[in-house]
Amino acid sequence: MSDYQLIIVGGGPAGLTAGLYAARARLKTVLLEKGVPGGQVLNTDWIDNYPGFPEGVSGFELIDRMTAQAKRFDLEIRSGAEVSSMDLAGPVKSITLADGNVLTARAVVLATGARPNKLNVPGERELAGRGVSYCATCDGPFFRDQEIAVVGGGNTAIQEAVYLTRFASKVTVIHRRGELRATRVVQEQAFANRKIEFVLNSRVTAIEGDTGVERLRLRDNDGRESTLAVQGIFILIGIIPNNEVLPAEQLEMAEGFIRTDQEMRTNLAGVMGAGDICHKEVRQVINGAGEGAVAAMSAEHYLAGL
Amino acid sequence: MAGDNVKHLSDKDFEETVNSATPCLVDFWAPWCGPCKAIGPMVDELANEYVGKLVVAKMNVDDNPSTPGKFGIRAIPTMILFKGGKVVDQVTGAVGKTQLVAMLGKVL
């Protein structure tokens, strides 16, 4: 006998939606979340493209509603449950928690998500929380009437650069390429904003300051060095997978992300993936949630066939 | 009840609270910060579990600008652990309960 029919690892939109579907299908399910439910969407101030919210919705409220909905069907959510290792190869999957407890189930949905990438330059770690930030929503208001930089050229970076102009007197976007990667509508907003300046074809080589960020060292693609005085730097250069607890020797991966088929099945029978941990192009709340639904239904189908 | 054991600090009573003999964990937060709101219930839980051993406090950085400034806080949620008025440890971000409990081990 295993403890549960289904274990879901991760409590972002993908995991919570998988939990909603599984609990509603009356599978004995537990959702393990290392912190508190939410994931990266908590870092988003406002979501304008999640259907059903014509005025938009805050990242926090969306998660709050998803959690409440899953709980309505009695989903067991364990917050602060950190996984230390997994054995997913056999018919009974076992998941070991950091506190030593072992949970078993015949099906697992992996929805561990991703986290912001780091620049890995001198000063970044030392000044984290003292002007170095990865979350514009959380930290933007600390930079009222100050000059700051945003590193990155994708949708997140450019959207947040626009958001940060609500507070900062000037926002300099630093991007290593000559063109932004963000979609046209997002770019147009940024180009129209007089508080935003662009330093393209350049990268940050160091973050300097005594008790907080004071300046950045930059190098352009021709090797010319310069400095930029700012009080804050927002690093929004993509994500890296939360794959540290996944069994790499069992699970088929690509570039650190899980490979799945259309039904969100991995190479291991009874193990599904969902959300940002999956190898894919588009990482939005809507498809993360959609994948969670598909993964739960695949789990249900798999369990029914046992 | 949830949150009943949490002390809500202001710039005025901050010093007095962290200088007391009982160790104190202060959660710096603001209503516009999603991760802060998400970890709120977990902080309430800690307050209930450590009653008498630890003062668990929250400070709204919007209403109280001077204390966060003094500690160089430019990111929230930030949690600072104090003992006898001195900073023992601090952590920024929506951390899990396990990590916070490990941090509390330094004073309890």
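A note on names: the letters A, B, ... follow the listed sequences, proteins ahead of strands, and every chain is numbered from 1.
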- prompt: Among residues 135-145 of chain A, which ones touch chain B with a heavy-atom distance under 4.5 Å?
  reply: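 Near chain B, by residue number: A:T137, A:C138, A:D139, A:P141, A:F142, A:F143.
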
Is it the case that more than 12 heavy atoms not belonging to [X] sit under 6.0 Å from its [atom1] atom?
{"X": "A:K195", "atom1": "NZ", "result": "yes"}
{"X": "B:K37", "atom1": "NZ", "result": "yes"}
{"X": "A:R125", "atom1": "CZ", "result": "no"}

- request: Quick one: which of B:V95, B:T78, B:T92, B:I73 has the most heavy-atom pairs under 4.5 Å with chain A, could you say?
  value: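 Heavy-atom pair counts peak at B:I73.
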
field: Option in B:A38, B:G96, B:C33 with maximal non-hydrogen atom pairs under 4.5 Å from chain A
entry: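 Sorted descending by pairs with chain A, the first entry is B:A38.
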
field: Interface moiety of B:E45 toward chain A, non-hydrogen atoms closer than 4.5 Å
entry: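 Interface part for B:E45: neither.
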
Residue-level interface, [range] with chain A, non-hydrogen cut-off under 4.5 Å:
{"range": "residues 7-30 of chain B", "answer": "none"}
{"range": "residues 97-107 of chain B", "answer": "B:K97, B:T98"}
{"range": "residues 57-71 of chain B", "answer": "B:V61, B:F71"}

field: Toward chain B, the part of A:Q40 with a non-hydrogen atom under 4.5 Å
entry: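 Contact with chain B: none, neither part.
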
task: Check whether A:Q231 gets within reach of chain B through its side chain, its backbone, both or neither, counting any heavy atom under 4.5 Å.
output: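 Answer is both: backbone and side chain atoms of A:Q231 are under 4.5 Å from chain B.
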
- prompt: Do B:R74 side-chain atoms and A:V213 backbone N/O form a donor-acceptor pair below 3.5 Å?
  reply: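 Flag not set: sc B:R74 to bb A:V213 has no pair under 3.5 Å.
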
